[in-house]
Amino acid sequence: MKSKVLAGIALLGAMTLAATACSSGAGGGSGEGGDDTITVGFAQTGSESGWRSANTESMKAAFSEDDGFELIFNAADNDPAAQISAVRDFISRGVDAIVIAPIVEDGWDDVLQEASDAGIPVILEDRTVTASEDLYAAWVGLDFTKEGVMAGEWAAETFGDTPTRMVVLEGTTGSAPANDRAEGFAQAIEGTGIETIDSQTGDFTRDGGKTVMEGFIQKYGIDGIDLLYAHNDDMALGAIEAIEAAGGVPGEDIQIVSIDAVKDGMQALVDGKINYIVECNPLLGDLAAGLVRDVLAGEDVEKTHFVEDQTFTQEQAAEVIDSRPY
Ligand code: GZL
């Protein structure tokens, strides 16, 4: 499968210019807007995290009326069945294109086939699916396995052969980021002294991270845990509340490595409560809009488009936190 690696925000800007320059009306106005308006149904996961809010904002800004779109937005509240029925609703409304951030990887074959049969192209943004790649036009997002590897490499370098008791706050069960971040991290810590003593989903939410961490602390005690690997910042932030409520010092008694690099996570990193963060760039709106235009214009687009991520230590976070766009 050919893929394209898109580096950083600068390229996002270039894609925006390209997308804006593309001929409008490529959708033929078969949706609900005027002749040249491209009607797009966007099935978002929900509003589970700070990352999701930034992603939704980016998508709404890119699929704006000023840019020739009519966006029909649905947030599925992290409910896979509700998300699939939202896509079916887009199909019945005859939109020009459908964009999906799939909550979980499985269960998409039938509805994607229905969209294909209806002649409505589907673009995936953010998370991936296990359905055949013939059933969607393109995907743009992040390399979740690589994010897990980068987080694991920090842990391996930090703890090495030292016996280290780690607990894991997993993302939404069945989601690509949860599966791939677990896999990448495990690859990176192979042969080290890091042992996973417990692992449970916090569903990518702050409350979920706090509740699960409270359970870990009840079971092992602050002194029984050396390291927390959180699949996203929101769960790490919830865990920090639980650690502090139990009289522990996050970032010291229990070191924390997380993924996303949203503003609140980066602030906790600056404050020394998180030790390392791997970025997961949510600003995918311009790329997704460009792909919708290209696909509707009949252009030959590559199937996968990776956006590159970076990593942050506490020192690096202090240098950049005020200039970051999310
Ligand atoms: C990753 C995205 C994940 C984020 C979470 O691209 O799907 O979902 O890491 C979000 O914060 O809830």
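Sequence positions, counted from 1, serve as the residue numbers for this chain. Whatever order the structure lists them in is the order used to number ligands and atoms, beginning at 1. Quick note: numbers below take in every heavy atom, side chains included, and nothing from hydrogens, waters or symmetry partners.
- Here salt bridge (Lys or Arg N to Asp or Glu O under 4.0 Å) pairs that include residues 162-178, with residues two or more places apart or in two chains, are R165-D226.
- By the 4.0 Å N-to-carboxylate-O rule, E133 lies too far from K303 to be salt-bridged with it.
- Residues F42 and F63 place their aromatic rings such that the two centres sit no closer than 6.0 Å.
- Taking the centre of each ring, F306 and W139 come in below the 6.0 Å mark.
- When the side-chain contact (heavy atoms from CB on, under 4.5 Å) test is applied to A76, the partners found at least two apart in sequence or on another chain are N74, A82, Q83, I103.
- Closer than 4.0 angstrom to ligand 1 by heavy atom are E48, S49, W51, R52, D126, R127, F144, P177, R181, F204, N232, D260, C280, sorted by chain and number.
- When the side chain to side chain donor-acceptor pair (under 3.5 Å) test is applied to Q44, the partners found at least two apart in sequence or on another chain are R52, N55, T56.
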